[in-house]
Amino acid sequence: MSEPAATIALLAVPETTASTLYGMFDLFGAAGRDWELLVHGRHRPSLLHPCIVSRDGRGFRTANGAWIQPDAALDAISEPLAICIPDLLVAPEEPLAGRYATEVAWLRAAHARDVMVAAACTGALLLAEAGLLEGQAATTHWAYCDVLARRYPGVEVHAHRALVVSGEGERLIMAGGGTTWMDLALFLVARLVGIDEAMHLARVYLIDWHGEGQQPYAALASARQAEDAVIARCQVWVAQHYDTHAPVAGMVEQSGLTERSFKRRFRQATGMTPMDYVHTLRLEEAKQMLESGEAPIDEVAEQVGYADPSFFRALFRRRVGLTPSHYRRRFRGMRLRLQ
(Lines give C-alpha, C1' and ligand atoms only; values in the text may rest on other atoms or scores of the structure.)
Protein backbone atom coordinates (compact mmCIF):
# COMPACT_ATOMS: atom_id res chain seq x y z
CA MET A 1 0.00 0.00 0.00
CA SER A 2 1.42 3.39 -1.02
CA GLU A 3 2.14 6.16 1.44
CA PRO A 4 -0.52 8.91 1.62
CA ALA A 5 0.34 12.04 -0.37
CA ALA A 6 1.93 14.86 1.60
CA THR A 7 -0.35 17.86 2.05
CA ILE A 8 0.52 21.32 0.74
CA ALA A 9 -1.87 23.91 2.15
CA LEU A 10 -2.76 26.73 -0.27
CA LEU A 11 -3.89 29.72 1.77
CA ALA A 12 -6.77 31.59 0.13
CA VAL A 13 -8.14 35.00 1.10
CA PRO A 14 -10.70 37.20 -0.72
CA GLU A 15 -7.85 39.06 -2.47
CA THR A 16 -6.34 35.84 -3.87
CA THR A 17 -6.31 35.52 -7.66
CA ALA A 18 -7.84 32.28 -8.86
CA SER A 19 -5.36 31.73 -11.69
CA THR A 20 -2.36 31.49 -9.35
CA LEU A 21 -4.27 29.53 -6.69
CA TYR A 22 -5.62 26.89 -9.05
CA GLY A 23 -2.47 26.89 -11.19
CA MET A 24 -0.51 25.87 -8.09
CA PHE A 25 -3.23 23.38 -7.20
CA ASP A 26 -2.91 21.73 -10.62
CA LEU A 27 0.89 21.72 -10.66
CA PHE A 28 1.28 20.25 -7.17
CA GLY A 29 -1.39 17.66 -7.90
CA ALA A 30 0.44 16.62 -11.06
CA ALA A 31 3.59 15.56 -9.17
CA GLY A 32 4.17 11.84 -9.65
CA ARG A 33 1.02 11.49 -11.75
CA ASP A 34 1.08 13.30 -15.10
CA TRP A 35 4.53 12.26 -16.38
CA GLU A 36 3.74 8.63 -15.67
CA LEU A 37 0.42 8.93 -17.51
CA LEU A 38 1.69 10.84 -20.55
CA VAL A 39 5.02 9.08 -21.04
CA HIS A 40 4.40 5.58 -19.73
CA GLY A 41 0.61 5.30 -19.90
CA ARG A 42 0.49 4.32 -16.24
CA HIS A 43 -2.06 5.63 -13.75
CA ARG A 44 -0.26 6.67 -10.58
CA PRO A 45 -1.51 8.63 -7.59
CA SER A 46 -0.25 12.15 -6.97
CA LEU A 47 2.70 12.42 -4.61
CA LEU A 48 1.46 15.75 -3.23
CA HIS A 49 -2.00 16.63 -2.00
CA PRO A 50 -2.84 20.32 -2.54
CA CYS A 51 -5.48 21.52 -0.11
CA ILE A 52 -7.09 24.97 -0.32
CA VAL A 53 -7.59 26.44 3.12
CA SER A 54 -9.18 29.67 4.33
CA ARG A 55 -10.04 31.38 7.58
CA ASP A 56 -13.42 29.64 8.01
CA GLY A 57 -13.51 27.15 5.15
CA ARG A 58 -16.55 28.77 3.54
CA GLY A 59 -16.68 29.58 -0.16
CA PHE A 60 -16.21 33.14 -1.34
CA ARG A 61 -15.85 35.27 -4.45
CA THR A 62 -12.41 36.72 -5.09
CA ALA A 63 -11.52 40.28 -6.00
CA ASN A 64 -11.38 39.33 -9.69
CA GLY A 65 -14.82 37.68 -9.56
CA ALA A 66 -13.92 33.97 -9.40
CA TRP A 67 -15.62 31.65 -6.92
CA ILE A 68 -13.33 29.72 -4.59
CA GLN A 69 -14.47 26.79 -2.50
CA PRO A 70 -11.85 25.93 0.13
CA ASP A 71 -11.32 22.36 1.24
CA ALA A 72 -10.91 23.20 4.92
CA ALA A 73 -10.75 25.91 7.55
CA LEU A 74 -7.40 26.81 9.06
CA ASP A 75 -8.17 25.11 12.36
CA ALA A 76 -9.44 21.94 10.65
CA ILE A 77 -6.52 20.98 8.44
CA SER A 78 -3.98 18.42 9.58
CA GLU A 79 -0.34 19.50 9.72
CA PRO A 80 0.78 20.28 6.16
CA LEU A 81 4.25 19.56 4.86
CA ALA A 82 4.31 23.07 3.41
CA ILE A 83 2.13 26.16 3.14
CA CYS A 84 1.86 28.21 -0.05
CA ILE A 85 0.43 31.73 -0.24
CA PRO A 86 -0.72 32.81 -3.71
CA ASP A 87 -0.68 36.45 -4.73
CA LEU A 88 -2.92 39.18 -3.33
CA LEU A 89 -4.78 41.57 -5.59
CA VAL A 90 -4.22 44.71 -3.52
CA ALA A 91 -2.91 48.16 -4.41
CA PRO A 92 0.77 48.61 -3.50
CA GLU A 93 0.06 51.30 -0.89
CA GLU A 94 -3.04 49.60 0.53
CA PRO A 95 -2.69 49.12 4.31
CA LEU A 96 -2.76 45.50 5.51
CA ALA A 97 -2.21 45.90 9.26
CA GLY A 98 -4.79 43.84 11.15
CA ARG A 99 -6.58 42.76 7.98
CA TYR A 100 -5.37 39.16 8.05
CA ALA A 101 -4.92 38.67 11.80
CA THR A 102 -6.22 35.07 11.80
CA GLU A 103 -4.12 34.03 8.82
CA VAL A 104 -1.03 35.76 10.21
CA ALA A 105 -1.36 33.97 13.55
CA TRP A 106 -1.76 30.64 11.74
CA LEU A 107 1.33 31.27 9.63
CA ARG A 108 3.41 32.21 12.68
CA ALA A 109 2.34 29.09 14.54
CA ALA A 110 3.05 26.81 11.56
CA HIS A 111 6.47 28.36 10.99
CA ALA A 112 7.30 27.89 14.67
CA ARG A 113 6.58 24.19 14.18
CA ASP A 114 9.16 24.11 11.34
CA VAL A 115 6.60 23.99 8.52
CA MET A 116 7.98 25.30 5.23
CA VAL A 117 6.18 28.49 4.16
CA ALA A 118 6.25 29.83 0.60
CA ALA A 119 4.70 32.87 -1.07
CA ALA A 120 4.09 33.78 -4.68
CA CYS A 121 4.25 37.38 -5.80
CA THR A 122 2.46 39.71 -3.34
CA GLY A 123 1.79 36.82 -0.98
CA ALA A 124 5.14 37.82 0.54
CA LEU A 125 3.32 40.75 2.16
CA LEU A 126 1.55 38.26 4.43
CA LEU A 127 4.89 36.75 5.43
CA ALA A 128 6.10 40.23 6.30
CA GLU A 129 2.90 40.98 8.24
CA ALA A 130 3.52 37.80 10.22
CA GLY A 131 7.01 39.03 11.10
CA LEU A 132 8.61 36.04 9.43
CA LEU A 133 10.79 38.14 7.12
CA GLU A 134 12.45 40.29 9.77
CA GLY A 135 16.19 40.18 9.08
CA GLN A 136 15.64 37.89 6.09
CA ALA A 137 16.17 38.13 2.34
CA ALA A 138 12.93 38.41 0.39
CA THR A 139 11.36 39.22 -2.95
CA THR A 140 7.92 40.03 -4.29
CA HIS A 141 6.40 41.46 -7.46
CA TRP A 142 8.56 44.30 -8.76
CA ALA A 143 5.72 46.81 -8.26
CA TYR A 144 5.64 46.05 -4.52
CA CYS A 145 9.35 45.79 -3.69
CA ASP A 146 9.67 49.41 -2.60
CA VAL A 147 6.54 49.12 -0.46
CA LEU A 148 7.84 45.94 1.15
CA ALA A 149 11.18 47.56 1.97
CA ARG A 150 9.61 50.78 3.25
CA ARG A 151 6.82 49.20 5.29
CA TYR A 152 9.04 46.49 6.77
CA PRO A 153 12.53 48.06 7.08
CA GLY A 154 14.01 44.93 8.64
CA VAL A 155 13.46 42.97 5.43
CA GLU A 156 16.29 42.67 2.88
CA VAL A 157 14.41 43.03 -0.40
CA HIS A 158 15.96 41.67 -3.61
CA ALA A 159 13.84 43.29 -6.30
CA HIS A 160 15.74 41.73 -9.22
CA ARG A 161 15.44 38.11 -8.13
CA ALA A 162 12.65 35.83 -9.31
CA LEU A 163 13.16 33.36 -6.44
CA VAL A 164 14.54 33.83 -2.91
CA VAL A 165 15.11 31.11 -0.32
CA SER A 166 15.84 32.31 3.20
CA GLY A 167 15.27 31.79 6.91
CA GLU A 168 16.43 29.12 9.31
CA GLY A 169 16.58 25.80 7.51
CA GLU A 170 15.73 27.62 4.26
CA ARG A 171 12.05 27.26 5.12
CA LEU A 172 10.95 30.60 3.66
CA ILE A 173 10.62 30.63 -0.12
CA MET A 174 9.36 33.54 -2.21
CA ALA A 175 8.83 34.09 -5.92
CA GLY A 176 8.57 37.45 -7.66
CA GLY A 177 5.71 38.56 -9.87
CA GLY A 178 3.59 37.16 -12.66
CA THR A 179 4.24 33.57 -13.68
CA THR A 180 7.23 33.11 -11.37
CA TRP A 181 4.77 31.18 -9.19
CA MET A 182 5.65 28.31 -11.52
CA ASP A 183 9.30 28.60 -10.48
CA LEU A 184 8.14 28.51 -6.88
CA ALA A 185 5.99 25.43 -7.44
CA LEU A 186 8.80 23.59 -9.25
CA PHE A 187 11.23 24.48 -6.49
CA LEU A 188 8.86 23.12 -3.85
CA VAL A 189 8.30 19.93 -5.84
CA ALA A 190 12.09 19.52 -6.10
CA ARG A 191 12.45 20.01 -2.34
CA LEU A 192 9.52 17.82 -1.30
CA VAL A 193 9.55 15.09 -3.95
CA GLY A 194 12.79 15.32 -5.93
CA ILE A 195 14.55 17.18 -8.72
CA ASP A 196 13.68 14.57 -11.34
CA GLU A 197 9.97 15.01 -10.70
CA ALA A 198 10.29 18.80 -10.89
CA MET A 199 12.02 18.40 -14.26
CA HIS A 200 9.25 16.08 -15.41
CA LEU A 201 6.65 18.73 -14.59
CA ALA A 202 8.65 21.43 -16.35
CA ARG A 203 8.64 19.29 -19.49
CA VAL A 204 4.98 18.32 -19.26
CA TYR A 205 3.83 21.90 -18.75
CA LEU A 206 6.51 23.56 -20.93
CA ILE A 207 7.67 25.75 -18.06
CA ASP A 208 10.63 28.02 -18.78
CA TRP A 209 12.56 29.00 -15.64
CA HIS A 210 12.73 32.78 -15.08
CA GLY A 211 16.51 32.81 -14.85
CA GLU A 212 16.74 36.47 -15.83
CA GLY A 213 14.75 37.53 -12.80
CA GLN A 214 12.26 40.40 -12.67
CA GLN A 215 14.41 43.29 -13.84
CA PRO A 216 13.51 43.12 -17.54
CA TYR A 217 9.82 43.44 -16.63
CA ALA A 218 10.09 46.17 -14.01
CA ALA A 219 8.67 49.58 -14.83
CA LEU A 220 8.30 52.80 -12.87
CA ALA A 221 6.86 51.30 -9.69
CA SER A 222 9.39 53.19 -7.59
CA ALA A 223 8.70 56.47 -9.36
CA ARG A 224 5.15 57.23 -8.30
CA GLN A 225 4.13 60.82 -7.89
CA ALA A 226 5.26 62.16 -4.53
CA GLU A 227 2.89 63.67 -1.96
CA ASP A 228 5.25 66.65 -1.72
CA ALA A 229 3.63 69.11 -4.15
CA VAL A 230 6.94 70.75 -5.10
CA ILE A 231 8.59 67.41 -5.88
CA ALA A 232 5.49 66.18 -7.71
CA ARG A 233 5.65 69.26 -9.94
CA CYS A 234 9.29 68.49 -10.69
CA GLN A 235 8.40 64.90 -11.53
CA VAL A 236 5.87 66.11 -14.08
CA TRP A 237 8.47 68.44 -15.60
CA VAL A 238 11.24 65.88 -15.83
CA ALA A 239 8.89 63.32 -17.39
CA GLN A 240 8.89 65.63 -20.42
CA HIS A 241 12.52 66.77 -20.21
CA TYR A 242 14.52 63.72 -19.07
CA ASP A 243 16.44 63.73 -22.36
CA THR A 244 17.92 67.19 -21.79
CA HIS A 245 21.59 67.74 -20.94
CA ALA A 246 21.07 68.62 -17.26
CA PRO A 247 17.64 67.38 -16.09
CA VAL A 248 18.51 67.48 -12.38
CA ALA A 249 19.57 71.12 -12.64
CA GLY A 250 16.31 71.77 -14.46
CA MET A 251 14.30 70.21 -11.63
CA VAL A 252 16.20 72.28 -9.07
CA GLU A 253 15.31 75.40 -11.02
CA GLN A 254 11.66 74.34 -11.26
CA SER A 255 11.52 73.70 -7.52
CA GLY A 256 12.78 77.10 -6.44
CA LEU A 257 14.81 75.38 -3.72
CA THR A 258 18.52 75.27 -3.13
CA GLU A 259 20.17 72.26 -4.74
CA ARG A 260 20.88 70.69 -1.35
CA SER A 261 17.31 71.16 -0.09
CA PHE A 262 15.86 69.88 -3.36
CA LYS A 263 17.94 66.71 -3.35
CA ARG A 264 17.06 66.01 0.29
CA ARG A 265 13.33 66.53 -0.28
CA PHE A 266 13.35 64.54 -3.52
CA ARG A 267 14.93 61.52 -1.88
CA GLN A 268 12.61 61.79 1.10
CA ALA A 269 9.56 61.95 -1.18
CA THR A 270 10.50 59.29 -3.74
CA GLY A 271 13.12 57.10 -2.08
CA MET A 272 15.47 57.84 -4.99
CA THR A 273 18.13 60.41 -5.78
CA PRO A 274 17.14 62.81 -8.56
CA MET A 275 19.71 61.29 -10.92
CA ASP A 276 18.54 57.74 -10.19
CA TYR A 277 15.03 58.90 -10.98
CA VAL A 278 16.18 60.37 -14.30
CA HIS A 279 17.99 57.12 -15.16
CA THR A 280 14.79 55.20 -14.40
CA LEU A 281 12.75 57.42 -16.71
CA ARG A 282 15.34 57.22 -19.48
CA LEU A 283 15.70 53.45 -19.29
CA GLU A 284 11.94 52.93 -19.28
CA GLU A 285 11.66 55.02 -22.45
CA ALA A 286 14.58 53.09 -23.94
CA LYS A 287 12.75 49.82 -23.23
CA GLN A 288 9.70 51.07 -25.12
CA MET A 289 11.85 52.16 -28.06
CA LEU A 290 13.67 48.82 -28.17
CA GLU A 291 10.39 46.92 -28.07
CA SER A 292 8.53 48.94 -30.67
CA GLY A 293 11.15 50.25 -33.10
CA GLU A 294 14.23 49.33 -35.05
CA ALA A 295 16.48 52.33 -34.32
CA PRO A 296 20.12 51.39 -33.68
CA ILE A 297 21.01 51.10 -30.02
CA ASP A 298 23.40 54.06 -30.18
CA GLU A 299 20.55 56.17 -31.54
CA VAL A 300 18.22 54.99 -28.78
CA ALA A 301 20.85 56.00 -26.24
CA GLU A 302 21.11 59.48 -27.73
CA GLN A 303 17.35 59.96 -27.94
CA VAL A 304 16.83 59.21 -24.24
CA GLY A 305 19.64 61.54 -23.17
CA TYR A 306 22.92 59.60 -23.17
CA ALA A 307 25.73 61.07 -25.26
CA ASP A 308 27.97 58.07 -24.45
CA PRO A 309 26.45 54.85 -25.89
CA SER A 310 28.87 52.65 -23.92
CA PHE A 311 27.70 54.22 -20.66
CA PHE A 312 24.08 53.61 -21.72
CA ARG A 313 24.77 49.96 -22.53
CA ALA A 314 26.53 49.36 -19.22
CA LEU A 315 23.81 51.13 -17.23
CA PHE A 316 21.05 49.27 -19.08
CA ARG A 317 22.73 45.93 -18.42
CA ARG A 318 23.21 46.74 -14.73
CA ARG A 319 19.70 48.05 -14.15
CA VAL A 320 17.65 45.78 -16.41
CA GLY A 321 19.68 42.60 -16.23
CA LEU A 322 19.94 42.25 -20.01
CA THR A 323 21.95 44.04 -22.66
CA PRO A 324 19.89 46.38 -24.87
CA SER A 325 20.24 44.00 -27.83
CA HIS A 326 19.17 41.00 -25.76
CA TYR A 327 16.23 42.97 -24.40
CA ARG A 328 15.17 43.89 -27.94
CA ARG A 329 15.40 40.29 -29.16
CA ARG A 330 13.33 39.04 -26.27
CA PHE A 331 10.63 41.67 -26.02
CA ARG A 332 10.29 42.99 -29.56
CA GLY A 333 9.54 39.46 -30.71
CA MET A 334 6.99 39.11 -27.93
CA ARG A 335 5.34 42.39 -28.88
CA LEU A 336 5.15 41.40 -32.55
CA ARG A 337 3.56 38.06 -31.70
CA LEU A 338 0.92 39.81 -29.60
CA GLN A 339 -0.03 42.39 -32.22
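Position 1 is the first residue of the sequence, and the numbers go up from there.
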Are any of the side-chain heavy atoms of [X] and [Y] separated by less than 4.5 Å?
X	Y	value
Pro309	Ile297	no
Arg44	Leu37	no
Trp106	Leu11	yes
Met116	Leu192	yes
Leu188	Phe28	yes
Ile8	His49	no
Leu10	Ile83	no
Ile231	Gln268	no

More than 12 heavy atoms of other residues, nucleotides or ligands under 6.0 Å from [atom1] of [X]: yes or no?
X	atom1	value
Glu302	CD	no
Ile195	CD1	no
Arg58	CZ	no

Euclidean distance, [Y] [atom2] relative to [X] [atom1], rounded to 0.5 Å:
X	Y	atom1	atom2	value
Thr7	Leu48	OG1	CG	9.0 Å
Leu283	Arg319	CG	CZ	6.0 Å
Met174	Thr139	CE	OG1	8.0 Å
Leu186	Trp181	CG	CH2	9.0 Å
Phe312	His279	CZ	NE2	11.5 Å
Leu21	Ile85	CG	CD1	12.0 Å

Grab the two heavy atoms, one from [X] and one from [Y], that are nearest each other, plus how far apart they are.
X	Y	value
Ala175	Leu184	CB-CB, 3.7 Å
Thr20	Pro86	CG2-CB, 3.9 Å
Met251	Pro274	CE-CB, 4.0 Å
Asp183	Ala162	OD2-CB, 4.4 Å
Ser255	Arg233	O-NH2, 3.9 Å

Pair listing, salt bridge (Lys or Arg N to Asp or Glu O under 4.0 Å) test, anchored in residues 171-180, at least two apart: Asp114-Arg171

Are [X] and [Y] linked, directly or through other ILVMFWY residues, by side chains that come within less than 4.5 angstrom of each other?
X	Y	result
Leu148	Leu96	yes
Met275	Met272	yes
Leu89	Ile68	no
Val165	Met182	yes
Leu81	Phe25	yes

Which residues pass the ring pair (Phe, Tyr, Trp, His ring centres under 6.0 Å) test with His111, sequence neighbours left out? none

Any residue meeting ring pair (Phe, Tyr, Trp, His ring centres under 6.0 Å) with Phe266, in chain and number order, not counting sequence neighbours: Phe262, Tyr277

Checking [X] now: which residues fulfil side-chain hydrogen bond (donor to acceptor under 3.5 Å, both in side chains) with it, not counting sequence neighbours?
X	result
Asp34	Tyr205
Asp243	none
Ser261	Thr258
Arg99	Glu15, Glu94

Before accepting this row, confirm whether a basic side-chain N of the pair [X]/[Y] lies closer than 4.0 Å to the acidic partner's carboxylate O.
X	Y	result
Lys287	Glu284	yes
Glu259	Lys263	yes
Arg267	Asp276	no

Hey, does the side chain of Glu36 reach the backbone of Arg42 with a donor-acceptor pair shorter than 3.5 angstrom? no

Side chain of Ser54, backbone of Gly57: donor and acceptor closer than 3.5 Å? yes

Among Thr140, Thr16, Thr17, find the residue that satisfies the side-chain hydrogen bond (donor to acceptor under 3.5 Å, both in side chains) test when tested with Asp87. Thr17

Contacts of Glu253 that satisfy salt bridge (charged side-chain N to carboxylate O under 4.0 Å, His left out) - sequence neighbours left out: none

Identify, with sequence neighbours excluded, every residue that meets salt bridge (charged side-chain N to carboxylate O under 4.0 Å, His left out) alongside Glu103. Arg55

Sequence neighbours excluded - ring-ring contact (aromatic ring centres under 6.0 Å, His included) pairs with any residue from residues 236-260: Trp237-His241

Does any pair with a residue in residues 69-79 pass side chain to side chain donor-acceptor pair (under 3.5 Å), and if so which ones, sequence neighbours excluded? Glu79-Arg113

Carefully, step by step, assess Leu201 and Trp35 under the rule side chain to side chain contact (heavy atoms under 4.5 Å, CB included). CA-CA 7 Å; Leu201 291 181; Trp35 179 266; over 6 Å; no

Show, in sequence, the C-alpha distance, side-chain angles and deciding distance for Asp228 and Arg265, and conclude whether the side chain to side chain contact (heavy atoms under 4.5 Å, CB included) test is met. CA-CA 8 Å; Asp228 185 322; Arg265 280 176 62 170; 3.0 Å; yes

Run Met289 and Arg328 through side chain to side chain contact (heavy atoms under 4.5 Å, CB included) and show every step you take. CA-CA 9 Å; Met289 293 175 67; Arg328 168 172 274 165; 5.9 Å; no

Would you call the rings of Phe311 and Tyr306 parallel, tilted or perpendicular, where under 30° means parallel and over 60° means perpendicular? tilted

Side chain to side chain contact (heavy atoms under 4.5 Å, CB included) evaluation trace for Val13 with Phe60: CA-CA 9 Å; Val13 298; Phe60 59 88; 5.7 Å; no

Extract all donor-acceptor atom pairs below 3.5 Å that involve side chains of residues 118-134 and protein atoms in other chains or at least two apart in sequence.
from	atom 1	to	atom 2	distance (Å)
Thr122	OG1	Leu88	N	2.6
Thr122	OG1	Leu88	O	2.8
Glu129	OE2	Tyr152	OH	2.4

